[in-house]
Amino acid sequence: PAQTAAVKNNSAASEIKAKQALQLNSALSLQVIPPAYTKQPAFTSAPKEMQIPENSQVRWCVALPSGTESAKEALNINLSNGQTLNFVQSGENNCAEWQASETVFWSWSADAAKTRIVLKVQLDQAPQIKITAPTEMVQVLEQDAKQVRIALRVTDDYQIKQASMH
């Protein structure tokens, strides 16, 4: 009988922990704030695989269910690059933050399955410059030429505010 009671107590404790983990998993959300120059809106999502611009601010936030506030110290996000992000109080939520610099897999300590989710970072590409005129490599100018026509095409994956040639 004492063994039966111990097994029941362990089973009940395991069931409570499983319910708390499920509550925590459903309470986790991701907030992504892309850099202003991308002109992409910030958004909030449930944990899932996603692609975000380089230098986005990523926040994993959870509102701890009643009775689990003491578990905050044990919560963290583990990134495949070796970083461990701890949760800190942020208003009503507890959040862990990271600036997206590379593609990573992440998991979080409250997920018993340790599911690895990919966060693909779209790197910001350098502007491209193409000379469109003159089209020949060598341009023979008249001896008294005062001008030459040069045309450029400048492109970028987000935007170009200003371009000048000196």
Side-chain angles (χ1 to χ4, degrees), residues 21-64 71-166:
L22 183 60
Q23 284 178 319
L24 287 173
N25 280 338
S26 64
L28 183 67
S29 66
L30 267 80
Q31 299 172 352
V32 177
I33 304 167
Y37 65 83
T38 67
K39 297 188 177 181
Q40 294 184 10
F43 63 92
T44 300
S45 171
K48 64 179 182 179
E49 184 174 316
M50 62 180 70
Q51 182 171 317
I52 61 173
E54 181 179 20
N55 295 316
S56 292
Q57 191 66 31
V58 181
R59 298 179 78 207
W60 290 264
C61 293
V62 63
L64 293 174
K72 179 181 80 171
E73 289 76 31
L75 295 179
N76 56 54
I77 298 293
N78 298 300
L79 303 180
S80 58
N81 66 4
Q83 286 182 284
T84 298
L85 310 174
N86 294 316
F87 283 79
V88 295
Q89 188 75 35
S90 177
E92 294 180 10
N93 291 322
N94 291 281
C95 299
E97 294 190 19
W98 178 67
Q99 186 167 348
S101 56
E102 62 183 321
T103 295
V104 293
F105 288 99
W106 66 272
S107 63
W108 87 301
S109 56
D111 179 12
K114 299 294 181 226
T115 307
R116 290 172 36 126
I117 300 172
V118 69
L119 192 56
K120 185 175 181 184
V121 174
Q122 181 66 43
L123 298 178
D124 186 8
Q125 301 300 306
Q128 300 294 309
I129 302 169
K130 181 178 180 183
I131 299 172
T132 57
T135 56
E136 290 88 32
M137 287 293 275
V138 176
Q139 186 77 24
V140 179
L141 301 175
E142 305 235 357
Q143 189 170 2
D144 60 342
K146 300 213 188 300
Q147 301 179 27
V148 64
R149 182 179 179 272
I150 299 176
L152 303 173
R153 169 181 241 132
V154 182
T155 57
D156 187 64
D157 51 348
Y158 291 109
Q159 70 176 338
I160 297 173
K161 285 187 176 182
Q162 180 181 358
S164 61
M165 196 168 89
H166 302 275

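Just so it is clear, the values below take in all heavy atoms, side chains as well, and ignore hydrogens, waters and symmetry mates.
- Side-chain contact between M50 and L30 is present, with at least one heavy-atom pair separated by less than 4.5 Å.
- Shortest non-hydrogen contact noted between P53 and A100 is O-CB, 4.2 Å.
- The structure places CG of L119 at 5.5 Å from CH2 of W98, a figure rounded to the nearest 0.5 Å.
- Residue S101 comes nearest to L123 through the heavy atom pair O-CD2, 4.0 Å, listed as atom of the first residue, atom of the second, then distance.
- When side chains are defined from C-beta on, K120 does not count as touching E49, because their heavy atoms never get closer than 4.5 Å.
- Atom CD of Q51 is surrounded by more than 12 heavy atoms from other residues, nucleotides or ligands within 6.0 Å.
- With sequence neighbours excluded, the residues that form a side chain to side chain donor-acceptor pair (under 3.5 Å) with N55 are Q99.
- To the nearest 0.5 Å, atoms CD (Q83) and CD (E102) are separated by 7.5 Å.
- With values rounded to the nearest 0.5 angstrom, R153 atom CZ is found 13.5 Å from I129 atom CD1.
- For Q143 (side chain) and A145 (main-chain N/O), no donor-acceptor pair under 3.5 Å exists by modelled atom type.
- Shown here are the ring pair (Phe, Tyr, Trp, His ring centres under 6.0 Å) partners of F43, two or more places apart in sequence or in another chain: there are none.
- Considering CD1 of I33 and OG1 of T38, their distance stands at 11.5 Å, rounded to 0.5 Å.
- With hydrogens and angles disregarded, no donor-acceptor distance shorter than 3.5 Å links the side chain of N93 to the backbone of C95.
- One finds the CG atom of L141 at 10.5 Å from the CG atom of D144 (value rounded to the nearest 0.5 Å).
- Side chain of Q31 to backbone of R59: no donor-acceptor contact under 3.5 angstrom is found.
- No donor-acceptor pair under 3.5 Å is formed between the side chain of S29 and the backbone N or O of S45.
- Scored by the ring pair (Phe, Tyr, Trp, His ring centres under 6.0 Å) test, W60 finds W106 as partners (sequence neighbours excluded).
- The nearest pair of heavy atoms linking L85 to L79 is CD1-CD1, 4.0 Å.
- Using a 4.5 Å heavy-atom cutoff, the side chains of L75 and N94 are not in contact.
- Counted within 6.0 Å of NZ on K114, heavy atoms from surrounding residues, nucleotides or ligands total more than 12; the atom is thus considered enclosed.
- Here the SG-CD distance, from C61 to E92, works out to 11.5 Å after rounding to the nearest 0.5 Å.
- Environment of CD1 in I131: sparse, with no more than 12 heavy atoms of neighbouring residues, nucleotides or ligands closer than 6.0 Å.
- The side-chain heavy atoms of I77 and F87, taken from C-beta on, include a pair separated by under 4.5 Å.
- The shortest side-chain heavy-atom distance between V121 and E54 falls under the 4.5 Å cut-off.
- Minimum heavy-atom separation, A27 to A63: CB-O, 3.8 Å.
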